[in-house]
Participant: 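Following this message is one structure expressed as structure tokens.
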Amino acid sequence: MTDIPDNATPATDATVATVDADKMFLDPLRRLIDRMDRQVLLIGNDAAGTAPIFYGDAVFNIALPWASFEEYQFRILSRHAVPEPIFYTQLFDLLPSLAGKGMIDVGSYCGLQAMVMRHVMTPTHVVMIEPQAVLQPLLARTIGANPDGCPVMLLHQIIDDGTQPMMRSNTQPGKLHDTTYLRRDGAPLTSVTLDSLDLGDVGLINLDIPGPKIYALRGAEATLRQHRPAVV
């Protein structure tokens, strides 16, 4: 006869089976609820308009028409707040004002960073530069929905050192914010340098582009030497 330990739990197998059955039922239910929550949130987002995004005691109206599938846009919309707020806190602690100088935002995407920096740092002007054609109407809508503050210029350019043509990498609809441009001989697209643009007195360059930044910086050498802006 086999001794049964005092701590034996004869119902263990049945308990495990019950837990597994509950998990099989509950996991799909949780996923369904998550999808429903997401759809409810998206219903409140006017794809033809803008969504209110908060930072501190300020609100910014940002066009997020593809939040239903673009992960960065959905992250902003789901929180109605800027992502990574500690970045802004550190930046504004180090450089609270541009003191009569302008700001260049390279790789503006949906324009949220530029709008927040414009509000807090009060530059004389902002130049937003974005290479993706599909984002131009989105940015124009965002600029128009945030009239308070300095003038904003929107440029449709690829910023590089201007020595080689460029080609667009494969666009991932769910990661439009990660679209990169590659330097290739005989590529169909041109690029320009920051030095070639008449951007006025510059106090800050926000270089928010995927991939190596050195080419864009090489194309800004004269601007960096003349104006000595902060580079983010």
Side-chain angles (χ1 to χ4, degrees), residues 41 44-47 49-67 70-132 134-157 159 175-179 194 197 199-210 213 216 220 223 227 229-232:
L41 176 63
N45 177 45
D46 183 358
T50 59
I53 308 298
F54 292 83
Y55 175 78
D57 63 350
V59 61
F60 306 92
N61 298 298
I62 307 298
L64 303 169
W66 304 304
E70 211 283 332
E71 62 179 41
Y72 185 77
Q73 290 191 30
F74 182 75
R75 189 159 78 245
I76 296 172
L77 181 64
S78 63
R79 300 171 184 173
H80 283 283
V82 300
E84 302 173 0
I86 192 170
F87 159 75
Y88 297 93
T89 301
Q90 293 174 335
L91 175 62
F92 300 148
D93 282 346
L94 291 169
L95 193 67
S97 171
L98 289 179
K101 296 179 179 289
M103 182 186 102
I104 304 173
D105 185 47
V106 183
S108 292
Y109 186 56
C110 65
L112 177 58
Q113 282 195 4
M115 292 296 105
V116 174
M117 293 179 187
R118 172 194 185 212
H119 172 77
V120 176
M121 306 174 87
T122 59
T124 58
H125 61 281
V126 172
V127 180
M128 298 171 66
I129 304 176
E130 172 56 50
Q132 298 192 70
V134 72
L135 296 176
Q136 298 302 307
L138 178 152
L139 283 168
R141 197 189 315 162
T142 291
I143 293 170
N146 295 275
D148 296 334
C150 68
V152 179
M153 177 190 302
L154 175 60
L155 300 181
H156 180 202
Q157 300 284 3
I159 299 300
K175 293 185 177 181
L176 285 172
H177 60 287
D178 278 343
T179 298
L194 285 177
L197 303 173
L199 302 178
D201 194 357
V202 178
L204 173 71
I205 298 175
N206 183 39
L207 200 59
D208 191 7
I209 56 178
K213 316 294 189 291
T223 300
H227 300 292
V231 179
V232 179

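For this chain, numbers begin at 1 and follow the sequence in order. Remember, predicted model here, so these are calculated numbers, not experimental data.
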Participant: Per the salt bridge (Lys or Arg N to Asp or Glu O under 4.0 Å) rule, what does the pair list look like for residues 96-112, sequence neighbours excluded?
Facilitator: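 Sorted pair list: Lys101-Asp201.
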Participant: Do Pro123 and Leu204 have side chains that approach each other closer than 4.5 Å (heavy atoms only, starting at C-beta)?
Facilitator: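 The answer is no; the side chains never approach within 4.5 Å.
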Participant: To the nearest 0.5 Å, what is the distance between CG on Leu64 and CG on Leu138?
Facilitator: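 Rounded to the nearest 0.5 Å, the CG-CG separation comes to 7.0 Å.
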Participant: Taking side chain as C-beta onward, heavy atoms only, is Asp208 less than 4.5 Å from Tyr109?
Facilitator: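 No, side chains not in contact.
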Participant: CG/Leu194 to OG1/Thr223 distance, rounded to the nearest 0.5 angstrom?
Facilitator: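 The distance works out to 6.0 Å.
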Participant: Can you give me the closest heavy-atom contact between Leu77 and Ala67, atom names plus distance?
Facilitator: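 Looking at all heavy atoms of both residues, the closest pair is CD2-CB, 3.7 Å.
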Participant: Quick one: pull up CE in Met115 and OG in Ser108 and give me the separation to the nearest 0.5 Å.
Facilitator: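 If I round to the nearest 0.5 Å, the distance is 8.0 Å.
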Participant: Is there a donor-acceptor pair under 3.5 Å between the side chain of Asn146 and the backbone N or O of Asn61?
Facilitator: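 Present.
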Participant: Report yes if the side chains of Gln73 and Pro65 come closer than 4.5 Å at any heavy-atom pair, otherwise no.
Facilitator: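 Yes, their side chains come closer than 4.5 Å.
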Participant: Please, which pairs that meet side-chain hydrogen bond (donor to acceptor under 3.5 Å, both in side chains) have at least one residue in residues 110-124, sequence neighbours excluded?
Facilitator: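 The answer is Gln113-Asn206.
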Participant: Leu197 versus Val127: any side-chain heavy-atom pair under 4.5 Å?
Facilitator: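 Leu197 vs Val127: side chains apart.
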Participant: To the nearest 0.5 Å, tell me how far Ile53 CD1 sits from Ile76 CD1.
Facilitator: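 Result: 6.0 Å between the selected atoms.
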Participant: Residues two or more places apart in sequence or in another chain: which of them pass side chain to side chain donor-acceptor pair (under 3.5 Å) with Glu130?
Facilitator: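 Result, side chain to side chain donor-acceptor pair (under 3.5 Å) vs Glu130: none returned.
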Participant: Just so I know, are the side chains of Arg75 and Tyr72 near enough to count as touching, which here means a heavy-atom distance under 4.5 Å?
Facilitator: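 Yes, side chains in contact.
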Participant: Could you give the distance from CG (Leu176) to CD (Glu71), rounded to the nearest 0.5 Å?
Facilitator: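 Result: 10.0 Å between the selected atoms.
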Participant: His80 side chain to Pro52 main-chain N or O, any donor-acceptor pair under 3.5 Å?
Facilitator: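 Yes.
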Participant: Grab the two heavy atoms, one from Leu154 and one from Ala140, that are nearest each other, plus how far apart they are.
Facilitator: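 Of all heavy-atom pairs spanning Leu154 and Ala140, the closest is CD2-N, 4.0 Å.
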Participant: Quick check: closest heavy atoms across Ile205 and Val202, and the distance to 0.1 Å?
Facilitator: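 For Ile205 versus Val202, the nearest heavy atoms are CG1-CG1, 3.9 Å.
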Participant: Which residues satisfy the side chain to side chain donor-acceptor pair (under 3.5 Å) test with Gln157, sequence neighbours excluded?
Facilitator: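 Once residues adjacent in sequence are excluded, Gln157 has no partner under the side chain to side chain donor-acceptor pair (under 3.5 Å) criterion.
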Participant: Thr142 and side chain to side chain contact (heavy atoms under 4.5 Å, CB included): which partner among Ile62, Val152, Leu135?
Facilitator: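 Considering Ile62, Val152, Leu135, a side chain to side chain contact (heavy atoms under 4.5 Å, CB included) with Thr142 is found only for Ile62.
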Participant: Looking at Lys175, I'd like to know if its NZ atom is crowded, meaning that more than 12 non-hydrogen atoms belonging to other residues, nucleotides or ligands lie closer than 6.0 Å.
Facilitator: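 Atom NZ in Lys175 is not packed in, count stays at 12 or less.
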Participant: Considering only distance and modelled atom types, tabulate donor-acceptor pairs under 3.5 Å from the side chains of residues 81-99, sequence neighbours left out.
Facilitator:
from, atom 1, to, atom 2, distance (Å)
Thr89, OG1, Pro85, O, 3.2
Ser97, OG, Ala99, N, 3.1

Participant: In Å, rounded to the nearest 0.5 Å, how long is the span from CE of Met128 to CD of Gln136?
Facilitator: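 One finds 9.5 Å between CE of Met128 and CD of Gln136.
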Participant: Kindly give the heavy-atom pair with the smallest separation between Cys110 and Leu139, and that separation in Å.
Facilitator: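 Taking Cys110 first and Leu139 second, the nearest heavy atoms are C-CD2, 3.5 Å.
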Participant: With sequence neighbours left out, what residues match Thr50 under side chain to side chain donor-acceptor pair (under 3.5 Å)?
Facilitator: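 Thr50 satisfies side chain to side chain donor-acceptor pair (under 3.5 Å) with no other residue.
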Participant: His125: which residues meet the side chain to side chain donor-acceptor pair (under 3.5 Å) condition with it, sequence neighbours left out?
Facilitator: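 Testing His125 for side chain to side chain donor-acceptor pair (under 3.5 Å), a comparison that skips the adjacent residues, returns none.
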